[in-house]
There are 2 protein chains.
Amino acid sequence: MDSIDSVGSFGSVADEDFLRLDLQVCFSLHSAARAFNAAYRTALKELGLTYPQYLVMLVLWEHGELPVKKIGAYLRLDSGTLSPLLKRLESADLVERRRSRDDERSVTVRPTENGIALRARALAVPRRIATATGLPLDEIRELRTRLNVLAEALDAADLAADAADES
Amino acid sequence: MDSIDSVGSFGSVADEDFLRLDLQVCFSLHSAARAFNAAYRTALKELGLTYPQYLVMLVLWEHGELPVKKIGAYLRLDSGTLSPLLKRLESADLVERRRSRDDERSVTVRPTENGIALRARALAVPRRIATATGLPLDEIRELRTRLNVLAEALDAADLAADAADES
DNA sequence: CGACATTAAGTTGTGCACAACTTAATTGTG
DNA sequence: CACAATTAAGTTGTGCACAACTTAATGTCG
């Protein structure tokens, strides 16, 4: 068994050390995501929104009315996640859903008056979070870029693995 | 209404721009966390572990037997999350749980022989992920550090907000 | 000692993520 | 045109995160 650098490009790092580092990195990412979630949960509580619901509202405020499919494309969420979430937003009277006339398969979602009005109250939220991070705007932007690179690389590798499965 | 830099320390950035940036940053973090999750899900599939279960096993492999409380401290997870997760690991015969003799409130968790054996197969996983990220080890470590700083700042701010609530 | 607070696990309920599936509408092709 | 393939939503089931609660054991203090 080649326990030293068995796959390559990482110098002579033993699997053992990788496992230890992995605990640290996994923990950090998982933890940061949960800390973000918690910070937003606190900030969004008075708006009556969860973090994913806030993301959907952000997209709708930005783009106006959108079919479910497009919301999913922007946020990389499928209908299994979005359908119940949008139902909750609808019963909170923040969005309306109606079948598209020219394609009966599609459902168009748009903010109600209430949903549009909520935007004004949401404006204060991101600044609060940015302040909470204690990071200057430049670093927030840089972190965003790094995370995007990371996510894209992982997505690409995962897709490649999927493709390799079909052989 | 003071829509320009109403809280301070961010130059003259309008709330509107903050909301737009927020969509991008939120999306990036959320997306990176989910991409990581997906990459691990793929890699861990053959081990029969989910990502959080893998994290728990990492901690147990590292520290040996631990009370539930300590596992939660390492991973910042409460009993509401850990209890059912550990039950599943137990019914998969990867861990054993038994009441501590000297403190009947505490439950000690330790890997079974099966659980210990699984470590050998898990050794390949983190290297696969590291390769998938396409990042050199240095940058992985740096990202970890940045995420830790971020998580700590957010946790601290969130606790401060909680404390401020009680007044 | 005995009432009370604290602590560790566990339970319950809500919401999200995702896989696998169903349903209904549309598109493409013979 | 007819029928198979594709597409958009939605449904179902599993697992995680977390809040709020319960239960049982341990500590603490009058």
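Residue numbers begin at 1 in each chain, while the letters A, B, ... track the order of the sequences. Excluded from the calculations below are hydrogen atoms, water molecules and symmetry mates; all remaining heavy atoms, backbone and side chain alike, are included.
- Between A:S100 and A:D102, the side chains place a donor N or O and an acceptor N or O closer than 3.5 Å (distance only, hydrogens not considered).
- Inter-residue side-chain proximity for B:T50 and B:Y40 is flagged as unmet; no heavy-atom pair is nearer than 4.5 Å.
- The listed nucleotides are C:dT11, D:dA9, D:dC18; the one nearest the side chain of A:S79 is D:dA9.
- No engagement by B:P84 is indicated, since no non-hydrogen atom pair under 4.0 Å with the nucleic acid exists.
- Regarding B:E90, its CD atom lies at a distance of 13 Å from the C1' atom of C:dA9, rounded to whole Å.
- A salt bridge between B:E96 and B:R110 is present, with a side-chain N of the basic residue lying under 4.0 Å from a carboxylate O of the acidic one.
- At a threshold of 4.0 Å, the pair A:R146-B:E142 counts as salt-bridged, since one of the basic side-chain nitrogens sits closer than that to a carboxylate oxygen.
- Following rounding to the nearest Å, B:I71 (CD1) and C:dA8 (P) show an atom-to-atom distance of 14 Å.
- For the pair B:K87 NZ and C:dG10 P, the computed distance is 7 Å after rounding to whole Å.
- Among C:dC18, C:dA9, D:dT11, the nucleotide with an atom closest to any side-chain atom of B:R41 is C:dC18.
- Summarising the geometry, the separation between CG on A:L86 and P on C:dG15 is reported as 14 Å, rounded to the nearest angstrom.
- The stretch residues 99-106 of chain B touches DNA chain C through B:R99, B:R105, B:S106, each having a heavy atom within less than 4.0 Å of the strand.
- The CZ-C1' distance, from B:R97 to C:dG10, rounds to 9 Å in whole Å.
- The pair B:E65-B:K70 fails the salt-bridge criterion, with no side-chain N (NZ, NE, NH1 or NH2) lying under 4.0 Å from an Asp/Glu carboxylate O.
- Only at 4.0 angstrom or more do the heavy atoms of residues 48-56 of chain B sit from any atom of DNA chain C, so none qualifies.
- We find that CZ of B:R98 is positioned 16 Å from C1' of C:dA8, with the value rounded to whole Å.
- Between B:L44 atom CG and C:dC18 atom P there is a gap of 15 Å when expressed in whole angstrom units.
- Counting only heavy atoms from C-beta outward, the side chains of A:L58 and B:R20 never approach each other to under 4.5 Å.
- The residue B:L77 sits close only to the backbone: its heavy atoms come under 4.0 Å of sugar-phosphate atoms, none of a base.
- The existence of a salt bridge linking B:E90 and B:R97 is confirmed by a sub-4.0 Å separation between a basic side-chain nitrogen and an acidic carboxylate oxygen.
- Looking at heavy atoms from C-beta onward, A:T145 lies out of side-chain contact with A:N148 at the 4.5 angstrom threshold.
- Here the nucleotide nearest the side chain of A:D78, chosen from D:dG10, C:dC18, D:dC18, is C:dC18.
- Computed from coordinates, the B:R76 CZ to D:dC18 P distance equals 11 Å when rounded to whole Å.
- Taking the side chain as every heavy atom from C-beta outward, A:L150 and B:F36 approach each other to under 4.5 Å.
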